[in-house]
Each structure stands twice: as C-alpha cells, then as structure tokens.
**Student:** 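Okay, handing you the structure first.
Remember, it's a predicted structure, so these values are computed and weren't measured experimentally. The figures here come from the full heavy-atom set of this structure, side chains too, leaving out hydrogens, waters and symmetry mates.
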There are 2 protein chains.
Amino acid sequence: MGIVERKEREREEMRKRILEAAQKLFLENGYEKVSIRNIADAIEYSPATIYLYYKDKNELLYALHQIGFHKMIDAFQSALQLEDPFDRLVELGRRYFQFAFDNPELFDLMFIMTAPMDALACKNDIWDEGKSAFNLLVTCVQECIDKGLFKTQDAEVASLMIWSSVHGYTALFLRKRLEMFEENRRKELMESAFNLFNETIRHGL
Amino acid sequence: MGIVERKEREREEMRKRILEAAQKLFLENGYEKVSIRNIADAIEYSPATIYLYYKDKNELLYALHQIGFHKMIDAFQSALQLEDPFDRLVELGRRYFQFAFDNPELFDLMFIMTAPMDALACKNDIWDEGKSAFNLLVTCVQECIDKGLFKTQDAEVASLMIWSSVHGYTALFLRKRLEMFEENRRKELMESAFNLFNETIRHGL
DNA sequence: CAAATGTACTGAACACCGTTTATTAATCAA
DNA sequence: TTGATTAATAAACGGTGTTCAGTACATTTG
C-alpha cells in the first residue's frame with residue numbers, strides 16, 4: 001500500500017523536473033529566460049502548476065542557487081588538496097573569481113541577487129550553503145594561523161576580510177565597473193591587484 | 001527670434017522634470033516604484049512621452065546614477081580635508097560603506113545593477129563619474145606612497161585593491177550575504193574585518 | 001490672414017511578467 | 001459505485017517596457 005510513498009516520490013520527481021528545466025534555461029539563455037512561463041513551456045505544463053511545487057519564483061531561484069553552491073564547492077575541491085595552507089588560500093581566491101567568470105548567472109544568484117535570500121528570510125531559515133562555503137575558508141585561514149603565517153588570531157574576522165576583498169574584485173568586474181580601465185590593461189591591473197592583496201596579507205596579516 | 005532656443009530650453013526642462021520625478025519616486029519608495037508608468041503619473045504625462053526625452057529606462061537609470069555620484073562625492077568632501085593621507089583613506093572607506101547603508105538603492109544603481117552600465121555601453125561612452133571618484137582614491141593612495149606609508153609604488157593597483165575590499169564588504173552586506181552571522185555579532189564582526197584590513201595595509205602595503 | 005508644415009503628445013496596443021482562483025479531470029478510499 | 005481528495009489548468013488580474021498611428025496645436029510660408 002505504498003500509495004502515499006509513490007505520491008511523495010512523484011512529487012519530488014516533478015520538483016526535480018521543474019528545477020532541471022529552470023537550470024537548463026538559465027545556463028543556456030541567462031537569467032532573463034527563466035520566467036515561470038518559460039519553465040512551464042519547457043516541461044509542457046501550465047504556469048500555474050509550477051506553483052503547486054514551488055511557493056514562488058524566489059524559492060525556485062533559491063533552489064538554483066543551491067545547485068550553484070554544489071558546483072562551486074566542486075570547483076574548490078582540488079584546490080583543497082594543496083599542501084601549504086597559504087597556497088591553498090590564494091588558489092581558493094583564484095577559483096572564486098574563475099567560478100564567477102565561468103558561471104556569471106549562477107554567481108549572481110549565489111552572491112549578488114537578493115531574490116534567493118528573500119526566499120530564505122521568509123522561511124526564517126539559515127543560509128547553510130553560504131555558511132559551509134565560508135567555513136571552508138575559515139578552516140584554511142585557521143591553518144595559516146596555526147602555522148604562524150598570520151599574526152592575527154581571529155580566523156573568522158580574517159576570513160571575512162579576505163572574502164570581502166576577493167568578492168569585491170569579482171563583483172566589480174562582473175557588474176562592469178572595471179570597464180573604465182582600457183581593455184588591454186584591465187586584465188593585468190586586476191591580476192596585479194589580486195597579487196598585491198595576497199602579498200600584503202602574506203606579510204602583514 | 002529665440003524660438004529654437006526656447007524649444008531647446010523647454011526640452012531640457014522636461015528632461016529635468018522627468019528625472020526629478022524619477023528620483024523622488026526612487027528615494028521615497030525604492031527601485032520597484034520607478035516604472036515608466038509611475039513616473040508618467042507623477043508628472044501627469046502619458047508613458048509614451050517619457051520616450052521622447054529618454055531613449056529607454058536604462059538611460060534614465062544612468063541619469064539617476066549620475067545624481068548618486070554627485071551625492072557620494074559630496075559625502076566624501078569633508079573627509080578629504082583630513083591632514084594625514086592614511087586617516088583620509090580610512091575615512092573614505094568608512095564613508096563608502098556609510099553611503100551605501102544610507103542610500104542602498106542609489107548605491108545599487110551606482111555599483112551593482114548592470115542597467116545603467118548597459119546604457120553607457122550602447123552609447124560607446126566612458127564611465128566618467130566612476131573614473132573621477134576612483135581618481136579621488138588614487139590621489140589619496142599616492143600621497144600615502146609619497147609619505148612613505150606604503151612600500152608599493154603603484155597607486156592605481158593599490159587603489160583597485162583597496163576599492164575592491166571595501167566594495168566587497170559593502171556589497172556582501174547590502175545583498176544580505178552577511179546575515180549568516182547572528183545579528184548581534186554581525187556589526188562587530190564587520191567592524192573588526194574593516195579594522196583588520198586597515199591595519200594590514202597600514203603595515204603591509 | 002489662410003494654408004501647409006512640423007512637432008509635442010497620447011491612446012491603444014504588443015508582448016511580456018508573477019501570481020491567484022474557479023473549475024475540470026483524474027485518482028483514491030469507502 | 002459513489003463520494004472525497006488531489007492534480008492540473010484556463011483565464012484572469014494587475015502589473016511591466018516599449019512602439020506606433022493619429023490628433024491637436026504651434027510655427028512657418030505663400
């Protein structure tokens with residue numbers, strides 16, 4: 001008598017089908033193509049059906065944003081194997097930017113758009129994905145402290161500062177605020193600024 | 001026979017009237033209230049009329065964004081009077097964040113939304129406001145270098161790094177990505193991270 | 001001064017959007 | 001088989017940015 005189980009399974013399948021259609025549209029055509037109506041078209045259901053499985057568009061975007069975090073943590077994995085914690089730290093920064101560069105829409109969803117956060121807030125829930133990604137950073141910084149590479153003793157504060165810096169650089173680029181620098185110099189300038197930050201914390205943090 | 005002059009004047013007045021209505025709506029009710037139709041209502045003209053004075057909504061947003069820069073540069077003014085260039089630098093950072101905190105919608109327009117930048121791009125124009133605000137920072141950093149406070153010799157690269165850091169911290173806050181820290185600790189944590197950054201560049205840059 | 005030209009403006013439409021609701025069709029339990 | 005539950009939808013609501021044909025008025029010309 002597994003009827004309720006089957007129903008539950010079917011429900012999950014439908015949620016997944018919707019999410020996958022959303023992801024496909026999103027990755028193929030960017031944010032503007034992810035309308036409830038477009039998703040409905042893609043899965044050949046009516047727009048109203050989406051609302052039987054997701055409360056609203058924000059909740060759907062939050063689910064997409066979770067997928068983004070899985071992708072990002074994947075991208076971080078091999079960097080975490082690096083022996084030296086400082087090398088690891090620098091590599092994490094590099095990959096944060098690279099991830100944003102390769103997946104601008106996902107990054108948007110993960111760190112810039114307010115919509116997915118609003119979905120969280122109205123569920124009175126906690127941003128688990130963000131927290132666990134941040135903890136990756138904290139662990140790494142803590143190792144730097146333990147090895148005596150940093151004078152600072154507060155790994156969390158140091159991590160926030162490092163995240164801010166790398167994020168700022170990334171967000172300004174992504175939102176076209178670095179286009180005031182000529183295209184030729186831009187890449188070099190950004191690389192220099194990134195290196196300068198690394199050197200500065202290497203010797204001064 | 002100043003008819004064409006009068007017409008030109010009337011045209012500028014209308015552009016100004018539209019922009020002021022947009023600004024008013026924007027500051028009073030946030031971004032979502034700035035629709036072409038809302039602006040048209042406010043100035044008691046039809047929506048189509050707006051398009052006789054601004055190419056599209058992006059162009060209007062770009063004009064608003066320029067107003068934002070004037071406000072921000074105003075907010076910077078008194079900090080620029082500070083004697084010590086490093087104190088000045090720190091104060092500029094503080095005010096960047098404070099400006100964002102006090103004018104979140106404007107800050108959005110100035111540094112986060114892509115729309116106004118798209119308006120610029122399709123006119124093949126340069127982001128003058130951004131450049132001149134950035135130059136304020138470069139000048140300050142250059143003074144720090146000249147006074148021997150920083151070892152680095154490239155003021156532009158150092159400025160980009162500093163801007164990135166302060167911007168990142170600001171953008172993460174504004175976009176609710178720091179709400180994973182409990183509300184009580186958050187403010188303190190951010191202040192600590194900001195101070196840590198300042199100390200680090202003070203001794204290590 | 002009257003007719004012709006130019007232009008400022010608008011109503012209505014187009015093609016979208018997120019979301020809600022009343023209703024129908026299908027499935028399940030008794 | 002009947003009655004209750006559930007899944008899906010058509011249609012609408014109230015918005016959005018934008019375009020365009022047409023009107024009414026101002027200006028120039030004969």
**Student:** Find which nucleotide of DNA chain D each of A/M14 and B/D56 is nearest to by heavy atoms, and output the residue with the more 5' nucleotide.
**Tutor:**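 The answer here is A/M14.
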
**Student:** B/I50 CD1 to C/dG11 P: how many Å, rounded?
**Tutor:** 14 Å

**Student:** It should be established whether A/S46 places a side-chain nitrogen or oxygen under 4.0 Å from OP1 or OP2 of nucleotide D/dA8.
**Tutor:** no

**Student:** Which residue lies toward the 5' end of DNA chain C, B/Y53 or A/V34, if each is placed at its nearest nucleotide?
**Tutor:** B/Y53

**Student:** Quick check with a 6.0 Å cut-off and a 45 degree axis cone: is B/R202 positioned over the face of B/F86's six-membered ring?
**Tutor:** yes

**Student:** To the nearest Å, how far apart are B/E10 CD and D/dA26 C1'?
**Tutor:**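 About 11 Å, once rounded to whole Å.
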
**Student:** Tell me: CD1 of A/I39 to C1' of D/dT9, nearest whole Å?
**Tutor:** 17 Å

**Student:** Nearest-Å distance, OH (B/Y51) to P (C/dA13)?
**Tutor:**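 About 18 Å, once rounded to whole Å.
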
**Student:** Which of these passes ring-ring contact (aromatic ring centres under 6.0 Å, His included) with A/F97: A/Y169, A/F107, A/F111?
**Tutor:**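 Running ring-ring contact (aromatic ring centres under 6.0 Å, His included) over A/Y169, A/F107, A/F111 with A/F97 returns exactly one hit, A/Y169.
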
**Student:** Closer than 4.0 Å, any side-chain N/O of A/T49 to the OP1 or OP2 of D/dA8?
**Tutor:** no

**Student:** Can you find a side chain N or O atom of A/N38 that sits less than 4.0 Å from OP1 or OP2 on C/dC17?
**Tutor:**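 For A/N38, the contact criterion (side-chain N or O under 4.0 Å from OP1 or OP2 of C/dC17) is met.
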
**Student:** Which whole-number value in Å describes the distance from B/N29 CG to D/dG15 P?
**Tutor:** 14 Å

**Student:** Nearest nucleotide by nearest heavy atom, which residue falls closer to the 5' end of DNA chain C, B/A48 or A/E32?
**Tutor:** B/A48

**Student:** Establish, from distance only, whether the side-chain atoms of B/Q98 and B/D102 form a donor-acceptor pair under 3.5 Å.
**Tutor:** yes

**Student:** Would B/E12 and B/R15 count as a side-chain contact (heavy atoms from CB on, under 4.5 Å) here? Give the steps.
**Tutor:** CA-CA 5 Å; B/E12 274 318 305; B/R15 273 180 72 92; 3.8 Å; yes

**Student:** With a 3.5 Å cut-off and heavy atoms only, can you find an N or O donor on one side and an acceptor on the other between the side chain of B/R37 and the base of D/dG17?
**Tutor:** yes

**Student:** Does a donor on one side chain sit under 3.5 Å from an acceptor on the other, for B/N195 and B/E199?
**Tutor:**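 There is no such pair between these side chains.
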
**Student:** Report the distance from atom NZ of B/K55 to atom C1' of D/dT18, rounded to the nearest whole Å.
**Tutor:** 11 Å

**Student:** For C/dC9, does either OP1 or OP2 sit under 4.0 Å from a side-chain N or O belonging to B/Y45?
**Tutor:** yes

**Student:** Nearest to the side chain of A/P47, which nucleotide is it out of D/dT18, C/dT19, D/dA7?
**Tutor:**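 The answer is C/dT19, which lies nearest to the side chain.
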
**Student:** Whole-Å distance between C/dC17 C1' and A/L60 CG?
**Tutor:** 15 Å

**Student:** Return the value, rounded to whole Å, for the distance between atom CZ of A/R11 and atom C1' of C/dT27.
**Tutor:**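 In whole Å, C/dT27 C1' and A/R11 CZ are 17 Å from each other.
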
